[in-house]
Amino acid sequence: QVQLVESGGGLVQAGGSLRLSCAASGRTFSSYRMGWFRQAPGKEREFVATISWNGRNTDYSESVKGRFTISRDNAKNTMYLQMNSLKPEDTAIYYCAPQVSTDNSKDQSNYDYWGQGTQVTVSS
């Protein structure tokens, strides 16, 4: 089992940047594909980005592609999300989780052991 803690959220103006971290406890972090998801008020949680266990394979939602970068450091049991050129529509609670099913890596139902989330607010 993996326990996760997200951090790095905050209030930023449009066009600004933030770097989110997802710190994992447990010795199995490096064996999981990991993902970032977000949930805006009144909306369902949606896929943002995913990264393979060794960091060599990444994928992004179309809405963040070219602006966000997902990465991981298995030696530190930590995953990151560098967010640049932020827009008001990026405002949401951001969550990280390991993929526990080998199905679609963009489907949140294939992820478990969610962290508590970190709030990102982008002002216009």
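Because the structure is a prediction, the values reported are computed rather than measured. Along the sequence shown, the residues carry numbers beginning at 1.
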| query | Quick one: does W114's side chain have a donor or acceptor within less than 3.5 Å of a partner on L4's backbone? | reply | no
| query | Going hydrophobic residue to hydrophobic residue with side-chain gaps under 4.5 angstrom, can you get from F37 over to I93? | reply | yes
| Distance, nearest 0.5 Å, that separates SG of C96 from CZ of R38 | 15.5 Å
| task | Specify the closest pair of heavy atoms between L86 and V12, including all atoms of both residues, with the distance to one decimal. | result | CD1-CG1, 3.6 Å
| Minimum heavy-atom distance between T91 and A40, given as atom pair plus value | O-CB, 3.7 Å
| said: Are V5 and V120 linked, directly or through intermediate hydrophobic residues, by side-chain heavy-atom contacts shorter than 4.5 Å (ILVMFWY only)? | reply: no
| message | Is the positively charged end of R45 above the ring of Y111, judged by distance under 6.0 angstrom from the centroid and angle within 45° of the axis? | response | no
| query | According to a 4.5 Å side-chain heavy-atom criterion applied to Ile, Leu, Val, Met, Phe, Trp and Tyr, with indirect links allowed, do F29 and I70 form part of one hydrophobic cluster? | reply | yes
| request: Enter the distance from K87:NZ to R67:CZ here, rounded to the nearest 0.5 Å. | output: 4.5 Å
| Should we say atom NZ of K65 is surrounded by more than 12 heavy atoms from elsewhere, each under 6.0 Å from it? | yes
| Which distance, rounded to the nearest 0.5 Å, do you find between the CG of N77 and the CZ of R72? | 9.0 Å
| task | Starting at CZ of R33, measure out to OG of S105 and round the result to the nearest 0.5 Å. | result | 4.5 Å
| said: Looking at I51, is its backbone amide N or carbonyl O close enough to the side chain of T58 to form a donor-acceptor pair, meaning the two atoms are under 3.5 Å apart? | reply: no
| task | For L81 and A49, work out which heavy atoms get closest and say how close. | result | CD1-CB, 4.3 Å
| So which heavy atom on A23 is nearest to which on T78, and how close? | CA-OG1, 4.2 Å
| note | Correct closest heavy-atom pair for D59 and F47 would be O-CZ, 3.7 Å
| query | Would one find more than 12 heavy atoms of other residues, nucleotides or ligands at under 6.0 Å from atom CD of Q3? | reply | no
| query | Shortest non-hydrogen contact from G117 to E6? | reply | N-OE1, 2.8 Å
| How about Q13: does its CD atom have over 12 heavy atoms from other parts shown lying under 6.0 Å from it? | no
| Any idea how Y94 and F68 line up, ring-wise: parallel (<30°), tilted (30 to 60°), or perpendicular (>60°)? | tilted
| T50 side chain to M34 backbone, donor-acceptor under 3.5 Å | yes
| said: Is there a path of hydrophobic side-chain contacts, each under 4.5 Å between heavy atoms, that joins L18 and M79? | reply: yes
| What's the spacing between S30 OG and K76 NZ if we round to 0.5 Å? | 15.5 Å
| Shared hydrophobic cluster for Y95 and V2 (ILVMFWY, side-chain gaps under 4.5 Å) | no
| task | Quick one: pull up CG in D90 and OG in S63 and give me the separation to the nearest 0.5 Å. | result | 7.0 Å
